Amino acid sequence: MVSDSELDPAAVEIGSFFPQPPQAVWRALTEPDLIERWLMRSIGFAPATGTHFIFILPTNPGSSEIACEILTARPAEQLTHTWFDLRADHPARWVLDWTIQPEGRGTRLLLTQTGFDISDRRQKMVRNAMERGWKSTLQRLRTVLDDA
């Protein structure tokens, strides 16, 4: 267990427990039809290191694209990818790491998003907004896992 004093203030770190086994959580993180239900639509996604893909973020008007590359793909253990908003006014390159660990009869999922420069006021605000957003996104993931 990580104490609050060990957390990186420049990163978003959120842990969640799911009663489903690690393989079910992995499927929800890596199957495009399931990803679309809790996160967003992807184009070209495949859980293989080196894969480049796009997330389509619906906005009003139009849409925004998030360019990604899979850095690590270890089935039912870890998925790491970059995250770069192609239409952001002040683009930043982040890395998202999804670590999956068996825990009891379920799974502990740790989401870590790094790459924020919290000495920059705008980046600090974005980091805080992303943390709030990921918490609600993980609730949608929970719903998808419960329905699967």
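The residues of the chain are indexed from 1 along the displayed sequence. Only a predicted model underlies this, so the values are computations on that prediction, with no experimental measurement involved.
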Transitively linked via ILVMFWY side-chain contacts under 4.5 Å: [X] with [Y]?
X      : Y      : result
Leu138 : Ile35  : yes
Leu34  : Leu96  : yes
Met125 : Ile118 : no
Leu39  : Ile70  : yes
Phe17  : Val144 : no

From [X] [atom1] over to [Y] [atom2], what is the distance, rounded to the nearest 0.5 angstrom?
X      : Y      : atom1 : atom2 : result
Ser42  : Glu65  : OG    : CD    : 12.5 Å
Gln113 : Glu13  : CD    : CD    : 11.0 Å
Thr72  : Leu79  : OG1   : CG    : 8.0 Å
Thr82  : Phe53  : OG1   : CZ    : 7.0 Å
Ser136 : Leu141 : OG    : CG    : 11.5 Å

So do the side chains of [X] and [Y] get within less than 4.5 Å of each other, counting heavy atoms only?
X      : Y      : value
Met130 : Trp83  : yes
Phe116 : Lys124 : no
Thr137 : Leu111 : no
Ile43  : Ile56  : yes
Phe45  : His81  : no

### Of Trp38, Trp94, Trp98, the residue whose pairing with Trp134 passes ring pair (Phe, Tyr, Trp, His ring centres under 6.0 Å)
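Result for ring pair (Phe, Tyr, Trp, His ring centres under 6.0 Å) with Trp134: Trp98.
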Nearest heavy-atom pair of [X] and [Y]: which atoms, and what distance?
X      : Y      : value
Arg37  : Asp147 : NH2-CB, 3.8 Å
Pro32  : Thr30  : CD-O, 3.4 Å
Trp26  : Arg74  : CZ3-O, 3.5 Å
Ala76  : Gln23  : CB-OE1, 3.4 Å
Gly50  : Glu69  : CA-OE2, 4.0 Å
Arg142 : Ser16  : NH2-CB, 4.0 Å

### Task
Taking atom types as modelled, find out whether Arg140 and Thr143 have a side-chain donor-acceptor pair closer than 3.5 angstrom.
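Not at all, the side chains of Arg140 and Thr143 share no donor-acceptor pair under 3.5 Å.
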### Task
Taking Thr107 for its side chain and Gln20 for its backbone only, find out whether a donor-acceptor pair lies under 3.5 Å.
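Between the backbone of Gln20 and the side chain of Thr107 there is a qualifying donor-acceptor contact (under 3.5 Å).
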### Query
Quick check: does any side chain N or O of Arg127 sit under 3.5 Å from a backbone N or O of Ala11, one acting as donor and the other as acceptor?
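Checking the backbone N and O of Ala11 against the side chain of Arg127, a donor-acceptor pair under 3.5 Å is found.
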